[in-house]
There are 2 protein chains.
Amino acid sequence: MRLRDYLPYRLSVASNKASGLIARAYQARFGLTIWEWRVIAVLGEGAPLTAQAVCEATAMDKVTVSRAIRALDARRLVKRTPRPADKRASDVTLTPEGQAIYLEIAPMALHYEAALLEGFSEEERAQLTTLLDKLEARLAGLTAAGGDAP
Amino acid sequence: MRLRDYLPYRLSVASNKASGLIARAYQARFGLTIWEWRVIAVLGEGAPLTAQAVCEATAMDKVTVSRAIRALDARRLVKRTPRPADKRASDVTLTPEGQAIYLEIAPMALHYEAALLEGFSEEERAQLTTLLDKLEARLAGLTAAGGDAP
DNA sequence: TGAAATTAGTTGCAAATGATACTATCTTGT
DNA sequence: ACAAGATAGTATCATTTGCAACTAATTTCA
């Protein structure tokens, strides 16, 4: 077997390079970690989300989400509104400052994505989407089956 | 922008799930980290490599490589032979025990890869390879350009 | 030649990370 | 109603990670 042809390895290298590239930009321009950015990205769609909902939307661990939200709250980029119906949870939304950052950072993110895909034909982009869909579906199946649940 | 459609995010999620799945298996069956496994994988091809060469072959940081090799050395899975020509470097090779683990673990790795790609047609596999090649090429270009070198 | 710069590899330290346990609240079943 | 269990989110602690500094050996080039 050749490591350089091994799919999980290739995914890992590609993902780390892409994330690293973009994370450096977020860090340099806004002082945001990649997780803080992810939280902002999902909140940028407008709807208030609980931390739990953020977990699901970002594929992040609940501890990571908790810390990201706390950091964003400390910088007044998000606001937490305790739910009357369930006092354990809070609705999280972007503050106007958070919105402003979102509106600045989202185009930058899309620009990076466009740079990554420069030179890809429309057909290739569609293929990539389809293949990632299939891969995700397989992974969902495998992780569900393989987990040593109690 | 929608995070769930954002390419770097999708790569990250897919990569983490795939790596996590496989890493758990290596850990459970052989007590190897994913980095130790990567070192074994490249040494399994037969040629002795210096730590530096391992870095290049595995896309790992030199600190990570150093630690992985030390751990493998402590378990007698690799042997370090100081080079006469350059006393800073050592040639690293698998010991017979390391070879044995390689021969056991490599088929397992390929089995996982096959499981990931189950349901992919030959054409789709070829597409995936081609797209990853292109993506890697783009990333190599972007990271080379973007680095804020001194 | 030999001083300055480079490279191989390791180590130290601080920050990031993740599993586990914990508090507070809510839901369920009797 | 209320005990037993589930859930939201946080805190704690040990491990992992990664940068930067370090040692030792090698190369460069004036």
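Quick note on labels: first sequence line is chain A, next is B, and so on, each numbered from 1. In this text the structure is predicted, and so the values were computed from the model without any measurement. Both backbone and side-chain heavy atoms feed into the values below; hydrogens, waters and symmetry mates do not.
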Find the distance D86(B):CG to dT6(C):P and express it as a whole number of Å.
17 Å
Using only heavy-atom distances, decide whether a donor-acceptor pair under 3.5 angstrom links the side-chain of R88(A) to the base of dT7(D).
yes
So for atom CZ, which belongs to R125(B), do other residues, nucleotides or ligands contribute more than 12 heavy atoms lying within a distance under 6.0 Å?
yes
Pair R10(B) + D5(B), salt bridge at N-O below 4.0 Å:
no
Rounded to the nearest angstrom, tell me the gap between atom CG in N16(B) and atom C1' in dA16(C).
15 Å
Would you mind reading off the distance between I34(B) atom CD1 and dG18(C) atom P, rounded to a whole angstrom?
13 Å
From C-beta outward on K87(A), which listed nucleotide comes closest to its side chain: dT17(D), dG9(D), dT25(C)?
dT25(C)
Heavy-atom pair of closest approach, residues R80(B) and V92(B)
CG-CG2, 3.9 Å
If only atom types and distance count, is the side chain of D73(B) paired as donor or acceptor with the main-chain N or O of I69(B) below 3.5 Å?
no
For dG9(C), does either OP1 or OP2 sit under 4.0 Å from a side-chain N or O belonging to R83(B)?
no
Should Q127(A) and F120(A) count as side-chain neighbours, where that means a heavy-atom distance under 4.5 Å?
no
Any residue of residues 49-79 of chain B with a heavy atom less than 4.0 Å from an atom of DNA chain C:
T50(B), A51(B), Q52(B), K62(B), V63(B), S66(B), R67(B), R70(B)
Counting distance only, does the side-chain N/O of E36(A) pair as donor-acceptor with the main-chain N or O of T33(A) below 3.5 Å?
yes
Between R80(B) and dA8(C), is there a side-chain N or O to OP1/OP2 distance below 4.0 Å?
no
Does S90(B) reach a base, just sugar-phosphate, or nothing at all? Heavy atoms under 4.0 Å.
sugar-phosphate
